[in-house]
Amino acid sequence: MDEWSSRFRPLFEHDLRANAFRVCREGKPLHTFPDHALERNPEMTKRSTAHYFLEGLTEIGVDYIFANLGTDHVSLIEEIARWDSEGRRHPQVILCPHEVVAVHMAAGYALATGRGQAVFVHVDAGTANACMAIQNVFRYRLPVMLFAGRAPFTLHGELLGSRDTYVHFVQDSFDPASIVRPYVKWDYSLPSGVVVKEALARAAAFMQSDPPGPVYMLLPRETLAETWDDSAMPAYPPARYGSVRAGGVEPARAATIAEALMSAENPVAVTAYLGRKPQAVAVLDRLARTCGIRVVEFNSIDLNISQASPCFAGFDPAAVVPEADLGLLLDVDVPFVPQSLTAAAARRWVQIDVDPLKADFPMWGFATDMRVQGDCATVLQQVLDIVEERADEAYRSRVGARISSWAPARQAAEARHQAAAAVEGVQGAINPAYLFARLSAALSPNDIVINEAIRNGPLLQQQLRRTEAGSYVGLAGGGLGFSGGMALGLRLAQPSRRVVQVVGDGAFHFSSPDSVYATAQQYQLPILTVVLDNGGWQAVKASVQRVYPDGVAQGTNSFQSRLASGRQGERRRFADVASAFGGYGEDVVDPAQLDAAIARCLAAVDDGRAAVLHARITPL
């Protein structure tokens, strides 16, 4: 027996059993080490923490690991190789050359399926690269598990995995979790491999519980390399350690909401992410038709009501809120900009939201008269059931007349949109409205459109008609460059649907596009990207104009937002990025060539290649 065993093992065993007794209190402890586990039976199976980590991911239902790996992942890489050699199933690894793509791919997959996936990044550096994307995921309320390795804590080879290269010293930071802590629901540094499965179950519970969101775990290199007996690794099934879901509301409050709707003469609903659940889209449309509610999407993240519905009232709350006598805030973070819609303060508001307090917004500032935390699909169905039971013929007739009275306004809006789309633009300056209308004509209702057009985003929503749940995705967070990775994740989850990413040239730079198309090629995920090239950041210019409409910047046209110099010989060929990784690329400068260019790009996607259409639109 070695010196450690003779001196300290009896004390270790005594403390272990004492601790087990303390947590027991009454009856049998949940998890203790049986006596035979302390005897180091040489015939007992011993595996690394990395092995049990992969087992834990599989047990909680993770399908994919979106990875950008480093020296901290050696034990995981070794285990994946061993599992592959044994023919053992594990989450499929998708290698992403940049973390912003990895995280947004996981987000797209979660958006399509509702199931959180794993992302592996390299220590503090990978966490920093992932942070912008994690901020977006946090605002989307999507489940994602971000795992970062941690630089080794031993220096002299004391443990397997000790520091063996220069970078292990410079990547050892005091609190790497602080990089993403404002944007995760839970963070943890794995202290020992013996709790790895329990930690994963805890992470998954936080990630999937309403409102869902990202979680973060640090995995020290030596901890991943530790070995443990199978008997020390009980399972933590999601059925017993799983998430908490939002539900309905008590019948009395559902009845109060129904009564308010039935007595209102001009109710309005504002929503942004209710459409995350397809069933909620159908319920909202039916409730709107039954009660005569005009529904507005403001900065919508999902399609929340079909644009073909007679109750769809567009994207501008200012057009309908001043006339309303009752307003519903349904799964929406920012229903309007308060200083631009002062009339809203006088309305009566009912809020139904999976996250009504907006606890992660330091200030929110929207008054509500009734605030309900719950699942919109469930609560609205409760309200609808009450209304349909109480509605008589007179009420139905009154609602029908109200809905019919909106037709002239809808027709006038449609005429304005058609007039805007009829202007093609000129050579080198295609009119964005015309481009969106032509793209809309080429797409099917089932195709998914991701809107990162930024300043042209509202125009896209007007022209690119969407009618089916899950066919539209907008920007939830503050980080640009999300749409490329999101498109890949959506296509991975729904391979039978075409995915079209519409992005401004400024945001295209942020998306790590070479990583997007390299990943698309490696994993055969064809997406269509339409780059709207106006030569810079229109949003920057517009923000200066709002604050200083008569300022020097306006007078001299100096907004520090141009990315195109206009100098002779300048090249801006975004399509070449796709071509460099096996994709199809095409530039279009002539409006007359737009339809044919769109058709060629869609044909390439249908043939299995990613495609980029670089469209020169009206310059900023």
Side-chain angles (χ1 to χ4, degrees), residues 209-211 244-297 304-306 309-313 317 320-321 323-333 335-336 344-359 364 366-406 469:
S209 291
D210 284 331
V244 177
R245 295 295 190 182
V249 67
E250 60 270 27
R253 284 211 287 176
T256 299
I257 297 170
E259 290 163 4
L261 282 171
M262 295 185 75
S263 62
E265 293 296 327
N266 195 5
V268 168
V270 184
T271 182
Y273 60 89
L274 169 147
R276 187 65 48 82
K277 294 187 174 181
Q279 61 269 34
V281 177
V283 172
L284 175 59
D285 188 35
R286 186 172 173 183
L287 181 65
R289 292 172 188 258
T290 302
C291 296
I293 307 168
R294 286 185 289 180
V295 180
V296 180
E297 294 185 327
N304 304 286
I305 188 169
S306 168
S309 172
C311 297
F312 173 66
V320 295
V321 167
E323 302 171 10
D325 58 349
L326 175 67
L328 301 179
L329 303 183
L330 306 175
D331 280 345
V332 59
D333 285 335
F336 46 82
R347 306 285 81 81
R348 181 186 179 194
W349 292 99
V350 174
Q351 182 191 21
I352 306 170
D353 203 305
V354 72
D355 182 20
L357 280 178
K358 314 298 177 187
W364 192 57
F366 296 92
T368 56
D369 299 281
M370 178 186 288
R371 185 172 291 177
V372 174
Q373 182 170 18
D375 172 61
C376 263
T378 304
V379 176
L380 294 182
Q381 185 64 58
Q382 289 179 273
V383 173
L384 175 61
D385 291 343
I386 295 169
V387 171
E388 289 185 328
E389 181 181 348
R390 297 182 182 183
D392 56 20
E393 203 56 43
Y395 176 74
R396 295 183 186 277
S397 177
R398 189 166 72 251
V399 167
R402 183 190 306 161
I403 293 175
S404 296
S405 72
W406 302 334

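- For the side chain to side chain contact (heavy atoms under 4.5 Å, CB included) with Leu330, the qualifying choice from Leu380, Val270, Asp353 is Leu380, the only one to do so.
- Shown here for Cys376 and Ile352, the closest heavy-atom pair between the two residues is SG-O, 3.4 Å.
- Between Asn266 and Arg294, the side chains place a donor N or O and an acceptor N or O closer than 3.5 Å (distance only, hydrogens not considered).
- For the pair Glu323 and Arg347, the salt-bridge criterion is not met [side-chain N within less than 4.0 Å of a carboxylate O].
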Fill in: Residue pair Met262, Val387: steps toward the side-chain contact (heavy atoms from CB on, under 4.5 Å) verdict
CA-CA 7 Å; Met262 295 185 75; Val387 171; 4.1 Å; yes
Item to complete: Please test Thr290 against Val399 for side-chain contact (heavy atoms from CB on, under 4.5 Å), starting from the C-alpha separation and ending with a verdict.
Response: CA-CA 7 Å; Thr290 302; Val399 167; over 6 Å; no
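- Nearest heavy atoms, Leu284 versus Asn304: CD2-O, 3.6 Å.
- Scanning both residues, Cys291 and Arg402, for their nearest heavy atoms gives O-NH1, 2.8 Å.
- Of the candidates Gln381, Gln382, Glu389, Asp385 forms a side chain to side chain contact (heavy atoms under 4.5 Å, CB included) with just one, namely Gln381.
- Using cut-offs of 30° and 60° on the angle between ring planes, the pair Phe336 and Phe366 is perpendicular.
- Around the CZ atom of Arg286, the shell of radius 6.0 Å holds no more than 12 heavy atoms that belong to other residues, nucleotides or ligands.
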Practice prompt. Begin from the C-alpha positions of Arg348 and Met370 and carry the test side-chain contact (heavy atoms from CB on, under 4.5 Å) through to its verdict.
Written response: CA-CA 9 Å; Arg348 181 186 179 194; Met370 178 186 288; 5.6 Å; no
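- No option in Lys277, Arg245, Arg276 other than Lys277 meets the salt bridge (charged side-chain N to carboxylate O under 4.0 Å, His left out) test with Asp375.
- The shortest heavy-atom contact between Cys311 and Ile293 is CB-O, 3.2 Å.
- In summary, Asp285 and Arg289 engage in a salt bridge, as defined by a charged side-chain N under 4.0 Å from a carboxylate O.
- Looking at heavy atoms from C-beta onward, Val295 lies out of side-chain contact with Phe312 at the 4.5 angstrom threshold.
- Closest approach of Val268 to Ala324, counting heavy atoms only: CG2-CB, 3.5 Å.
- Summarising the geometry of Arg253 relative to Arg371, their closest heavy-atom pair is NH1-O, 3.1 Å, with the distance given to 0.1 Å.
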